[in-house]
J.: 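There's a structure below that I have some questions on.
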Amino acid sequence: MTYRVVQWSTGNVGKWALRGIIDHPDLELAGVWVSNPAKNGRDAGELAGADRPLGIHATTDADQLIAAKPDCVVYTAMADNRLNEAIDDLCLLLRAGINVVASGPVFLSYPEGTVPPELIEPVRQAAIEGGSSLWVNGIDPGWANDWLPLLLSGTCQRIDMIRCSEITDYSTYDNPLVLFDIMGFGTPLDHTPLLLQPGVLSLAWGSVVRQLAAALDVPLDSVVEHHERFPAPEPFTAGGRTIAEGTMAALRFTVSGMIADQPVLVLEHVTRLRPDLAPDWPQPAGTGCYRVEITGEPNYVLDLRLIGGDGDHNTAGVASTAMRLVNAVPAVVDAPPGLLTALDLPLTTGRGLVSVPGRRVANA
């Protein structure tokens, strides 16, 4: 069966998702939505960096794409700084009977116990009205801290603690809005950026902790967050900007599911703008990795290194987020209507993507 798919946005993640849709054997590109008027009317092949025009032109007209009645939308528009608008977009698509796989808002990956009902119920109601499904996922929150630790847990005799970490140099991450406005790199240590406002870390990554707890049948008493920052020892350049001496150059945070005063399920991020910063904090395998540590019997440390086709780990992280969504389209379309989580879907594989002579597969 072929599924007709619309790509919604062609930014950092969206351009990778668009490439993935174009080359996926089970998907047919049905349209492309863009927010930038300068992209309106441009060929999808050009926007994807493909080697040929496709005859499908991007549009800023959402109604035109909804009227085309695709089976699914791959929604990768920025949600972190436009939460209400993103939820409105998702409700519009779901109410129209269109299934959606989305990279955000990330708390919808597993909202139970994490998100106020007023943020969830409009989405659920729209899915019910439209008979459609929504699945929010990616690499983190997503596969690196849902199925990856859960697969390891299936070989344990006892689990005392699971820690899922992202340990990465973000200096090549091409998203200034996220780096400087949302995360707060390059700002004074007494400044509180959006990410570090009270409750935001738990809102964004509490879904990870609570989904693991549900999968493993762990009754948590609380979810707590913690962060610490490391200042630049001298001025340097990262992400196209000068990071002034004394401003934030590295960030470490945790969101921990607790039983009494003991952490049992921990989500951790260690983010640097230069490899030598905060030398006492956890170090990655390579230049960036996802790490799963299970303390129990047996003990595990699993490092997943990310390396893009251009050799950059941040390219790999963006591409894997996109393909986590694209490859799940058939399962989400075929799933019962509603707000889905990773626990509701079968194991998603790269079915049909193995390179064989005479068949094109995903662009690198």
Side-chain angles (χ1 to χ4, degrees), residues 11-12 77-87 103-111 113-116 118-119 136 138 140-141 145 163-210 222-258 263 265-282 288 314 317:
N12 233 18
M78 173 65 75
D80 295 347
N81 65 335
R82 48 182 295 279
L83 181 58
N84 291 330
E85 293 92 336
I87 289 177
S103 58
V106 294
F107 59 75
L108 289 176
S109 62
Y110 192 86
T114 302
V115 184
E118 58 267 24
L119 287 177
V136 177
D140 180 356
N145 36 57
R163 177 180 294 265
C164 301
S165 303
E166 178 190 87
I167 310 171
T168 308
D169 177 347
Y170 266 31
S171 61
T172 60
Y173 182 56
D174 186 20
N175 195 323
L177 174 64
V178 171
L179 281 176
F180 303 112
D181 297 339
I182 294 175
M183 298 184 75
F185 283 107
T187 61
L189 297 188
D190 59 0
H191 170 68
T192 304
L194 174 61
L195 185 68
L196 301 182
Q197 292 178 10
V200 172
L201 290 174
S202 294
L203 178 65
W205 282 275
S207 59
V208 169
V209 171
R210 293 191 183 279
S222 63
V223 174
V224 301
E225 61 184 60
H226 172 76
H227 73 267
E228 53 187 306
R229 293 181 267 188
F230 189 90
E234 69 278 320
F236 68 96
T237 300
R241 297 192 189 183
T242 297
I243 309 302
E245 181 179 350
T247 63
M248 189 179 90
L251 170 66
R252 183 182 186 183
F253 67 78
T254 57
V255 178
S256 303
M258 311 290 288
L265 301 170
V266 180
L267 182 284
E268 176 182 46
H269 273 217
V270 179
T271 307
R272 299 175 171 91
L273 294 185
R274 214 171 66 188
D276 64 312
L277 299 171
D280 295 335
W281 293 358
N314 283 311

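The figures here come from the full heavy-atom set of this structure, side chains too, leaving out hydrogens, waters and symmetry mates. In this text, all values refer to a predicted model and were calculated from it rather than measured experimentally.
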J.: Decide yes or no on side chain to side chain contact (heavy atoms under 4.5 Å, CB included) for Leu179 and Tyr170, but give the supporting numbers first.
T.: CA-CA 8 Å; Leu179 281 176; Tyr170 266 31; 3.7 Å; yes
J.: Return a table of donor-acceptor pairs under 3.5 angstrom between the side chains of residues 181-201 and protein atoms on other chains or two or more places apart.
T.:
{"unit_1": "Thr187", "atom_1": "OG1", "unit_2": "Gly184", "atom_2": "O", "d": "2.5"}

J.: Quick one: closest heavy-atom pair of Ala79 and Gly104, and the distance?
T.: CB-C, 4.1 Å
J.: To the nearest 0.5 Å, tell me how far Ser103 OG sits from Leu108 CG.
T.: 11.5 Å
J.: Provide the closest heavy-atom pair for Val136 versus Pro105 in the form atom of the first, atom of the second, distance.
T.: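 Taking Val136 first and Pro105 second, the nearest heavy atoms are CG1-O, 3.4 Å.
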J.: Calculate, to the nearest 0.5 Å, the distance between atoms CG and CG belonging to Leu251 and Leu277 respectively.
T.: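 Rounded to the nearest 0.5 Å, the CG-CG separation comes out at 12.0 Å.
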J.: Is a side-chain donor or acceptor of Arg82 paired with a backbone partner of Met78 at a separation under 3.5 angstrom?
T.: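 Between the backbone of Met78 and the side chain of Arg82 there is a qualifying donor-acceptor contact (under 3.5 Å).
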J.: What distance do Asp280 atom CG and Phe230 atom CZ have between them, rounded to the nearest 0.5 Å?
T.: 8.0 Å
J.: Would you give the length of the straight line joining atom OH of Tyr173 to atom OG1 of Thr271, rounded to the nearest 0.5 angstrom?
T.: 10.5 Å
J.: Can you see which heavy atom on Ala238 is nearest to which on Ser171, and at what distance?
T.: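 For Ala238 versus Ser171, the nearest heavy atoms are CB-CB, 4.3 Å.
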J.: On a heavy-atom basis, which atom in Val106 and which in Ala204 lie closest, and how many Å separate them?
T.: CG2-O, 3.6 Å
J.: Applying side chain to side chain contact (heavy atoms under 4.5 Å, CB included), run through Asp174 and Asn314 and close with a yes or a no.
T.: CA-CA 8 Å; Asp174 186 20; Asn314 283 311; over 6 Å; no
J.: Could you state the interatomic distance from OG (Ser202) to CD (Glu225), rounded to the nearest 0.5 Å?
T.: 3.5 Å
J.: How far apart are the closest heavy atoms of Ser207 and Phe107, and which atoms are they?
T.: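 So the minimum-distance heavy-atom pair works out to CB-O, 3.9 Å.
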J.: Given Asn145, which partner from the list Asp140, Val266, Leu265, Val209 fulfils the side chain to side chain contact (heavy atoms under 4.5 Å, CB included) test?
T.: Asp140
J.: Can you list the residues that meet the ring pair (Phe, Tyr, Trp, His ring centres under 6.0 Å) rule with Phe253, with sequence neighbours excluded?
T.: Trp205, His269
J.: Contact between Val223 and Met258 at the side-chain level, heavy atoms closer than 4.5 Å - yes or no?
T.: no
J.: What's the separation between atom CZ in Arg229 and atom OG1 in Thr247, rounded to the nearest 0.5 Å?
T.: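 Separation between the atoms: 11.0 Å.
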J.: Listing request: all salt bridge (charged side-chain N to carboxylate O under 4.0 Å, His left out) pairs with a residue in residues 265-279, at least two apart in sequence or in separate chains.
T.: Arg163-Glu268, Glu234-Arg274, Arg252-Glu268, Arg274-Asp276
J.: Would you sort out whether Leu203 and Val115 count as a side chain to side chain contact (heavy atoms under 4.5 Å, CB included), showing the intermediate values?
T.: CA-CA 7 Å; Leu203 178 65; Val115 184; 4.1 Å; yes
J.: Under the criterion side chain to side chain contact (heavy atoms under 4.5 Å, CB included), I'd like the reasoning laid out for Thr168 against Val270: C-alpha separation, chi angles, the key distance, then a yes or no.
T.: CA-CA 6 Å; Thr168 308; Val270 179; over 6 Å; no
